[in-house]
Amino acid sequence: MERVPHERRSGVERREHNVAAYWRGALNPRRRAGRRATDRVYTIIDWHSPRVLALVLLILGMSSLDGVLTLMLMSQGASEVNPVMALFVPHNLGWFAAIKLTLTSLGVAVLVICARMKLFRLFPGELLLYLVVAGYAVLMGYELHLLANPPLAL
């Protein structure tokens with residue numbers, strides 16, 4: 001007797017691999033919560049609340065505004081404090097903007113993945129998104145203060 005049963009599949013792939021299939025999956029996500037008791041700590045889902053999307057868009061918008069304000073301050077004689085971004089500012093503004101948004105987007109993607117997890121088993125990961133928004137708000141306030149009150153040149 002054969003251990004492997006007779007193959008009954010036709011060999012024709014019935015699943016759709018086109019944009020409409022991805023769009024349908026985006027509109028009707030399957031996993032909105034963990035399936036097991038162990039998923040309460042590290043939940044992997046494919047649907048997040050609109051609140052998370054709003055936070056992500058807010059972070060990306062504030063990052064863009066930070067780039068613009070940084071360039072305005074640099075035109076008044078300020079210098080870039082971030083050593084990674086300082087490599088790109090004086091040479092090419094296009095690369096500066098692209099790398100700034102790419103690094104911010106990658107960081108936000110990681111934060112979204114962690115949004116439903118309990119980090120260090122203490123606090124929800126979504127709290128990190130709120131902390132990043134708060135940090136950007138403080139940074140925007142500081143940069144706007146510097147633009148309104150430029151330091152005196154020595």
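Values below: every heavy atom of this structure, side chains too, minus hydrogens, waters and symmetry copies.
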Legend entry - OG on Ser64 to CG on Leu69, rounded to 0.5 Å: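 Output value for this atom pair is 11.0 Å.
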Inset, instruction - To the nearest 0.5 Å, tell me how far Leu139 CG sits from Leu65 CG. - result: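 Answer for the CG-CG pair, Leu139 versus Leu65, is 9.0 Å.
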Hey, any chance [X] and [Y] share a hydrophobic cluster, counting ILVMFWY side chains that come within less than 4.5 Å of each other, even indirectly?
{"X": "Tyr130", "Y": "Leu60", "value": "yes"}
{"X": "Trp95", "Y": "Met74", "value": "yes"}
{"X": "Met140", "Y": "Val132", "value": "yes"}

Under 3.5 Å donor-acceptor pairs involving side-chain atoms of residues 142-150, not counting sequence neighbours:
residue, atom, partner, partner atom, Å
Glu143, OE2, Thr70, OG1, 3.3
His145, ND1, Asn149, ND2, 3.1

Legend entry - Crowding at CE, Met72 (>12 non-hydrogen neighbours, <6.0 Å):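 No, not enclosed.
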Just grab all the salt bridge (charged side-chain N to carboxylate O under 4.0 Å, His left out) pairs involving [range], residues at least two apart or on different chains.
{"range": "residues 77-86", "result": "none"}
{"range": "residues 50-59", "result": "Arg51-Glu126"}
{"range": "residues 67-79", "result": "none"}

Inset, instruction - Quick one: list whatever passes side-chain contact (heavy atoms from CB on, under 4.5 Å) with Val133, sequence neighbours left out. - result: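 With sequence neighbours excluded, Val133 shows a side-chain contact (heavy atoms from CB on, under 4.5 Å) to Leu55, Leu58, Ile59, Met62, given in chain and number order.
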Can you give each donor-acceptor pair under 3.5 Å made by side-chain atoms of residues 81-89, sequence neighbours left out, with the distance rounded to 0.1 Å?
residue, atom, partner, partner atom, Å
Asn82, OD1, Val84, N, 3.1

Compile the donor-acceptor pairs under 3.5 Å between side chains in residues 100-109 and protein atoms, sequence neighbours left out, one pair per line.
residue, atom, partner, partner atom, Å
Lys100, NZ, Asp66, OD2, 2.8
Thr102, OG1, Ala98, O, 2.7
Thr104, OG1, Ser63, OG, 3.0
Thr104, OG1, Lys100, O, 2.8
Ser105, OG, Leu101, O, 2.7

Inset, instruction - Considering only Ile, Leu, Val, Met, Phe, Trp and Tyr, and joining two whenever side-chain heavy atoms are under 4.5 Å apart, list the other residues clustered with Val138. - result: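 Answer for Val138: none, a lone residue.
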